[in-house]
Amino acid sequence: MTDQLRDFKRDYYCGDLTENNIGEEVRLLGWVDTVRDHGGVLFINLRDREGIVQVVFDPSKISQDLYNKAKKLKPEYVIGVKGTVNRRPVGTENPKMKTGNIEVAADYLLILNTSEVLPFQIEDNIKVSEEIRLKYRYLDLRRPSMQRNIILRHEVYQAVREFLVGNGFIEVETPMLTKSTPEGARDFLVPSRLEKGKFYALPQSPQLFKQILMVAGFERYFQIVKCFRDEDLRADRQPEFTQIDLEMSFVTEEDVMSLSEALIQHVYKKVLGIDVKIPFRRMTYEEAINRYGTDKPDLRYGLELIDITDLASEVEFKVFNDVAKSGGLVKGINVKGGAKFSRKEIDDLTEYAKKFGAKGMAWIKLENGEATSPILKFFTQEQKQRLFEKMQAEDGDLLVFIADKKEITHRVLGFLRKHLAEKLNLIDKNKLEFLWVVDFPLLEWDEEENRLVALHHPFTSPKDEDIEKLDEALENPQLALSFKSKAYDMVLNGEEIGGGSIRIHTPYIQQKIFKLLNISEEEAKEKFGFLIEALSYGAPPHGGLAFGLDRILAIMTGSESIRDVIAFPKTQKGICPLTGAPDYVSEKQLKELSIKIEEE
RNA sequence: GGAGCCGUAGUUCAGCUCGGCCCAGAACGCCUGCCUGUCACGCAGGAGGUCGCGGGUUCGAAUCCCGUCGGCUCCGCCA
């Protein structure tokens with residue numbers, strides 16, 4: 001039988017007790033962390049949210065009943081203890097514990113609940129599969145490191161609110177049951193009971209609502225909000241995730257960026273005490289792709305891409321030559337110190353490159369004053385000289401090259417660069433390299449759908465100079481591919497942690513963009529009619545941004561995956577091992593919704 | 001849709017290459033006893049396993065083959 005709590009109240013959290021409490025009688029509540037039974041004196045570590053303190057049951061000083069009761073204690077029993085805070089006897093202090101100089105001599109014990117034997121121990125640095133951790137998430141979350149992550153998350157919410165409210169932002173909730181939109185990610189659908197055959201969609205983001213709030217005249221909106229995308233999962237992608245969403249009226253790109261970086265600076269200072277320097281570096285999309293092969297470069301290390309297409313067009317090596325002359329791109333990376341790689345390691349790099357679409361990878365090893373390579377025989381002495389100069393090659397380096405269509409060369413080298421940095425341990429984990437990537441293309445060509453699609457989203461404003469060319473582009477879609485948008489991404493250590501844009505705020509430009517995207521007038525009206533209509537009633541110029549809160553937290557806490565900063569995440573198959581969701585529902589429920597399950 | 005790694009006591013793993021000495025072993029946890037200052041307490045003893053699941057090969061399968069399920073990482077996908 002367990003005891004009732006009745007009027008037993010806690011005086012302190014375990015971790016808050018200090019030497020200043022010595023002599024005080026205190027009541028504590030918490031979980032039995034560990035038990036050390038010496039046959040005589042019995043020690044337990046009592047744990048609550050704020051920490052751990054040692055509690056002593058000394059049979060020579062307490063009643064037989066109390067001692068016998070204490071003997072029953074096991075890990076994770078929930079107890080209340082009354083006792084006196086004492087200084088520990090000289091020589092028995094534990095410098096590893098925050099409360100290691102004191103202990104509580106118990107004279108009263110409540111056993112409020114017992115615990116089954118645990119599937120894993122409640123401590124950090126345990127090796128347990130994530131599956132088990134997620135199934136018993138309530139135990140996993142008792143571990144100090146997980147408690148820290150979730151509490152840090154809470155502190156970030158507060159810091160965000162503090163900063164944004166202080167800057168005139170108004171927090172508004174937007175609907176979770178909303179309308180499916182054709183562009184973008186796959187929607188999660190919710191069947192409507194009252195409107196048979198119709199479906200709500202869970203929002204991929206509050207994009208349209210926040211724009212409408214600008215039309216409604218709120219000027220500055222924010223929300224910490226769940227978003228839903230029914231796409232495949234990754235370490236940094238969950239089907240439901242949290243955005244810090246904001247939108248402002250009468251602003252330029254620069255206004256949104258400077259406010260956003262100030263927000264990040266505030267959060268880092270407030271939560272981690274870290275000074276982040278602003279303004280962040282700005283880099284155009286074009287520069288990012290050319291130098292790093294990606295639109296979210298990790299600037300914590302070098303390994304930049306070097307263009308040797310000109311030289312490649314002259315050499316006899318057919319692979320280089322053909323690519324260079326047919327409008328492709330030949331680029332290389334100088335892997336400093338890479339000459340120590342074995343032939344096997346270089347072959348592995350080639351295999352890695354092939355995974356991302358490369359047909360092969362050329363390489364030159366510079367070791368002991370000699371150059372080893374399968375391709376150098378195609379180079380004249382003078383060409384070699386120029387190549388080494390361009391690559392800034394020295395003894396001990398490994399030069400790797402990819403020759404392919406522009407997109408593939410960049411893509412492959414972008415992945416290779418990251419892979420090499422990890423392999424060579426070039427990444428300083430303590431560094432924070434923020435940057436803004438700006439001047440994104442407005443549109444890109446979708447091979448599958450055979451039409452132009454928005455790179456960001458279809459409400460993103462083109463640059464002013466391109467707005468003037470919209471009519472021309474409707475005649476000649478090729479021209480549209482050169483358009484730049486007023487979009488910007490915040491990148492931290494090679495991860496996109498936020499992105500946004502200045503939006504289109506007039507109905508006629510929005511309609512032209514839909515036309516460019518080959519969205520018919522009927523479809524545009526059906527899907528986005530309310531937006532176009534809203535824009536026609538005095539919509540102010542506006543723009544905003546959304547941060548991926550989970551990703552920011554993963555970086556702040558040094559977590560490998562965003563699952564470690566989400567209280568109840570899902571597995572890669574979108575399953576919640578704790579609750580067993582998703583699951584079948586009753587025939588009755590389906591019938592009410594007029595839904596029939598088709599057997600495979 | 002595709003690729004890779006993994007799946008063996010409650011947990012983390014070893015055993016698998018080359019089938020039999022394995023009706024499977026270690027550590028931690030658990031149980032019992034002893035132990036009056038420990039804090040990774042100690043000491044002695046003990047319990048605990050559908051080797052993910054199904055099928056096949058074989059005299060014999062944790063081990064080889066096929067299929068399947070699950071977890072993780074990645075590609076595609078994710079405005």
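Values reported hereafter were calculated over all heavy atoms of this structure, with side chains retained and with hydrogens, waters and symmetry mates removed. Chain identifiers are assigned alphabetically (A, B, ...) following the order of the sequence lines, protein sequences preceding nucleic acid strands; residue numbering begins at 1 within each chain.
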Enquirer: Across the strands shown, which category fits A:Pro89 at heavy-atom distances under 4.0 angstrom: base, sugar-phosphate, nothing?
Expert: base
Enquirer: Looking at A:Lys69, I'd like to know if its NZ atom is crowded, meaning that more than 12 non-hydrogen atoms belonging to other residues, nucleotides or ligands lie closer than 6.0 Å.
Expert: yes
Enquirer: Base, sugar-phosphate, or nothing for A:Thr92, non-hydrogen atoms under 4.0 angstrom?
Expert: base
Enquirer: Inspect the surroundings of CH2 in A:Trp31 and state if more than 12 heavy atoms from other residues, nucleotides or ligands are less than 6.0 Å away.
Expert: no
Enquirer: Check whether the side chain of A:Arg36 and the base of B:U36 form a donor-acceptor pair under 3.5 Å.
Expert: no
Enquirer: Working note: A:Asp58 + A:Tyr67, criterion side chain to side chain donor-acceptor pair (under 3.5 Å); need CA distance, chi angles, decisive distance, verdict.
Expert: CA-CA 8 Å; A:Asp58 187 336; A:Tyr67 183 69; over 6 Å; no
Enquirer: Tell me whether A:Phe120 and B:U11 count as stacked here, given that the ring centres must be under 5.5 Å apart and the planes must differ by less than 30 degrees.
Expert: no
Enquirer: When you measure only distances, ignoring hydrogens and angles, does the side chain of A:Gln121 come within 3.5 Å of the base of B:U11 through a donor and an acceptor?
Expert: no
Enquirer: Is the shortest heavy-atom distance from the side chain of A:Glu76 to the side chain of A:Asn113 under 4.5 Å?
Expert: no
Enquirer: By a strict heavy-atom criterion of less than 4.0 Å, which residues belonging to residues 492-502 of chain A are in contact with RNA chain B?
Expert: none
Enquirer: Between A:Arg234 and B:C75, does any side-chain N or O lie under 4.0 Å from OP1 or OP2?
Expert: yes
Enquirer: Just the rounded figure in Å: distance from C1' of B:C74 to OH of A:Tyr352.
Expert: 8 Å
Enquirer: Is a donor-acceptor contact shorter than 3.5 angstrom present between the side chain of A:Glu131 and the base of B:G70?
Expert: no
Enquirer: Short question: side chain of A:Arg36, backbone of A:Ile44 - any donor-acceptor pair under 3.5 Å?
Expert: no
Enquirer: Could you let me know what B:U73 is paired to, Watson-Crick or G-U wobble, both distances under 3.5 Å, or none if it's on its own?
Expert: B:A3
Enquirer: Between B:U38, B:U36, B:U12, which nucleotide has the shortest distance from any of its atoms to the side chain of A:Arg88?
Expert: B:U38
Enquirer: From the list B:G76, B:U11, B:C72, which nucleotide is the closest neighbour of the side chain of A:Ile132?
Expert: B:U11
Enquirer: Can you see if the side chain of A:Lys355 gets near the phosphate of B:A3 - specifically, an N or O under 4.0 Å from OP1 or OP2?
Expert: no
Enquirer: Give the nucleotide from the list B:U11, B:C72, B:C35 with an atom nearest to the side chain of A:Val128.
Expert: B:U11
Enquirer: Select one nucleotide: of B:G29, B:G71, B:U38, the one nearest the side-chain heavy atoms of A:Val117.
Expert: B:G29
Enquirer: Would one find more than 12 heavy atoms of other residues, nucleotides or ligands at under 6.0 Å from atom OH of A:Tyr584?
Expert: no
Enquirer: Can you tell me if the side-chain N/O atoms of A:Lys573 get under 4.0 Å from OP1 or OP2 in B:G71?
Expert: yes
Enquirer: Whole angstroms only, please: what is the CG-P distance between A:Asp187 and B:C78?
Expert: 13 Å
Enquirer: Give none if B:G37 has no partner; otherwise give the nucleotide forming a Watson-Crick or G-U wobble pair with it, both distances under 3.5 Å.
Expert: none
Enquirer: Just call it for A:Glu351: base, sugar-phosphate, or nothing, with non-hydrogen atoms closer than 4.0 Å on any strand.
Expert: nothing
Enquirer: Provide, to the nearest angstrom, the distance between the NZ atom belonging to A:Lys418 and the C1' atom belonging to B:U73.
Expert: 12 Å
Enquirer: Would you mind reading off the distance between A:Glu444 atom CD and B:C78 atom P, rounded to a whole angstrom?
Expert: 9 Å
Enquirer: Would you indicate, yes or no, if B:C31 has its OP1 or OP2 atom less than 4.0 angstrom from a side-chain nitrogen or oxygen of A:Lys74?
Expert: yes
Enquirer: Might you point out which heavy atoms bring A:Ile402 and A:Ala358 nearest each other, and give the distance in Å?
Expert: CD1-CB, 4.1 Å
Enquirer: Is B:G45 paired to anything, Watson-Crick or G-U wobble with both distances less than 3.5 Å, and if yes, which nucleotide?
Expert: B:C31
Enquirer: Could you check whether atom CD of A:Glu286 has more than 12 heavy atoms from other residues, nucleotides or ligands sitting under 6.0 Å from it?
Expert: no
Enquirer: To the nearest Å, how far apart are A:Phe356 CZ and B:C77 P?
Expert: 13 Å
Enquirer: Below the 4.0 Å mark, does B:U73 have OP1 or OP2 next to a side-chain nitrogen or oxygen of A:Arg237?
Expert: no
Enquirer: With heavy atoms under 4.0 Å as the rule, sort A:Thr34 into base, sugar-phosphate or nothing.
Expert: nothing
Enquirer: When you measure from the side chain of A:Asn94, which nucleotide among B:C39, B:G37, B:C75 comes out closest?
Expert: B:C39
Enquirer: So that I can tick it off, tell me whether A:Arg551 and A:Asp236 are bridged by a salt bridge, with the cut-off set at under 4.0 angstrom between side-chain N and carboxylate O.
Expert: yes
Enquirer: Once you apply the 3.5 Å cut-off to both distances, tell me the Watson-Crick or G-U wobble partner of B:A26, or none.
Expert: B:U12
Enquirer: What nucleotide among B:U38, B:U12, B:C77 has an atom nearest to a side-chain atom of A:Gln54?
Expert: B:U38
Enquirer: With nearest nucleotide decided by heavy atoms, which residue, A:Lys570 or A:Gln204, maps closer to the 5′ end of RNA chain B?
Expert: A:Lys570
Enquirer: What is the distance, to the nearest angstrom, from the CD1 atom on A:Ile122 to the C1' atom on B:A40?
Expert: 16 Å
Enquirer: Could you tell me the separation between the CD atom of A:Glu116 and the C1' atom of B:C31, rounded to a whole number of Å?
Expert: 14 Å
Enquirer: Could you give me the CA-CA distance, side-chain angles and deciding distance for A:Tyr352 and A:Phe415, then say whether ring pair (Phe, Tyr, Trp, His ring centres under 6.0 Å) is met?
Expert: CA-CA 9 Å; A:Tyr352 188 78; A:Phe415 279 109; 7.3 Å; no
Enquirer: Counting just side-chain N and O atoms, does A:Arg133 come under 4.0 Å of either OP1 or OP2 of B:C72?
Expert: no
Enquirer: Mapping A:Ser561 and A:Asp232 onto RNA chain B by nearest heavy atom, which one lands closer to the 5' end?
Expert: A:Ser561
Enquirer: Find the distance A:Phe57:CZ to B:U38:P and express it as a whole number of Å.
Expert: 19 Å
Enquirer: For the side chain of A:Val56, counting heavy atoms from C-beta on, which of B:G37, B:U11, B:C77 is nearest?
Expert: B:G37
Enquirer: Can you figure out which of B:C74, B:C35, B:C39 approaches the side chain of A:Ala235 most closely?
Expert: B:C74
Enquirer: State the pairing partner of B:U50; accept Watson-Crick or G-U wobble contacts with both distances under 3.5 Å, and report none otherwise.
Expert: none
Enquirer: May I have the step-by-step check of side chain to side chain donor-acceptor pair (under 3.5 Å) for A:Asp124 and A:Ser145, ending in yes or no?
Expert: CA-CA 6 Å; A:Asp124 286 338; A:Ser145 61; 2.8 Å; yes
Enquirer: A:Thr571 side chain N/O closer than 4.0 Å to the phosphate oxygens (OP1, OP2) of B:G71?
Expert: yes
